[in-house]
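See below for the structure under consideration.
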Amino acid sequence: TNYKDIQYTIENEILEFSLRETSPVSKISLSYQDPEVYIERTANTKSIFNYANKIIVTGDGVRCTAERQQKNKKTKTLTHFDDNIRTMAQARLKANQLLDLHSEPRNKIRIKIYKTGLEFLAPGDLITLNFPQQDIPKDDYQIFEIENSFTESMEVSVVQYEKQIAERF
């Protein structure tokens with residue numbers, strides 16, 4: 001790590017160092033405009049995260065709860081432990097991030113695609129997709145799962161990229 005990649009914060013007379021956040025770069029871009037790319041089929045599946053509308057974050061001597069009440073839904077609680085969380089502000093931030101992830105649906109899109117030139121992709125990689133006719137708007141997507149077979153196509157599950165989702169994997 002270079003020193004230029006390190007940032008610091010001072011909170012309550014405590015100096016903390018962390019790596020400067022950078023946006024990941026997509027490995028490849030696939031588009032309906034490319035004649036070499038063919039999507040055989042697509043399917044949307046249910047949310048990739050379990051539903052929770054109450055999050056309890058417990059850190060090193062701190063505890064924070066974030067809750068979102070929704071009509072006609074039971075309270076489902078998720079508890080998250082992280083010894084690296086030392087302040088109430090950090091706990092509150094993490095609780096709200098997890099609440100956003102688990103209370104809103106995050107659909108997984110399955111696409112069957114010819115794999116010529118895509119053999120190097122792996123789960124966790126970012127790809128840019130642009131297939132509006134298949135209801136896949138142009139955006140960055142994170143590969144969630146790849147099913148390879150001995151045929152010329154593969155099935156790839158992707159989710160729309162968000163920093164919180166990437167951190168959760």
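Heavy atoms only: backbone and side chains are in, while hydrogens, waters and symmetry mates are out. Along the sequence shown, residues are numbered consecutively beginning with 1.
Hydrophobic clustering (ILVMFWY, side-chain heavy atoms < 4.5 Å, transitive): Val62 and Ile14 are in distinct clusters. No chain of hydrophobic side-chain contacts below 4.5 Å, direct or via other Ile, Leu, Val, Met, Phe, Trp or Tyr residues, connects Ile55 to Phe81. Cluster annotation: Leu78 is not connected to Leu93 through the hydrophobic network of ILVMFWY side chains, with a link wherever side-chain heavy atoms come within less than 4.5 Å.
Looking at residues two or more places apart in sequence or on another chain, you find a side-chain hydrogen bond (donor to acceptor under 3.5 Å, both in side chains) between Arg68 and Asp100, Ser103. With sequence neighbours excluded, the residues forming a side chain to side chain contact (heavy atoms under 4.5 Å, CB included) with Thr65 are Lys54, Ile56, listed by chain and number. With sequence neighbours excluded, the residues satisfying side-chain hydrogen bond (donor to acceptor under 3.5 Å, both in side chains) with Gln69 are Glu67. With sequence neighbours left out, the side-chain hydrogen bond (donor to acceptor under 3.5 Å, both in side chains) criterion links Asp139 to Gln160. With sequence neighbours excluded, the residues forming a side chain to side chain contact (heavy atoms under 4.5 Å, CB included) with Pro132 are Tyr32, Asn130, listed by chain and number. For Asp82, the salt bridge (charged side-chain N to carboxylate O under 4.0 Å, His left out) test picks out no residue, with sequence neighbours left out. Shown here are the side chain to side chain contact (heavy atoms under 4.5 Å, CB included) partners of Ser157, two or more places apart in sequence or in another chain: Lys108, Arg110, Phe144, Glu145. Among residues two or more places apart in sequence or in another chain, the side chain to side chain contact (heavy atoms under 4.5 Å, CB included) test is passed with Asp125 by Lys27, Leu121, Ala122, Ile143.
A donor-acceptor distance shorter than 3.5 angstrom exists from the side chain of Asn53 to the backbone of Lys76, with no hydrogens or angles considered.
Contact check for Ile136 versus Ile111: side-chain heavy atoms found under the 4.5 Å cut-off.
For the residue pair Ile85 and Ala91, the shortest heavy atom distance occurs at CG2-N, 3.5 Å. Shown here for Gln142 and Gly124, the closest heavy-atom pair between the two residues is NE2-O, 3.4 Å.
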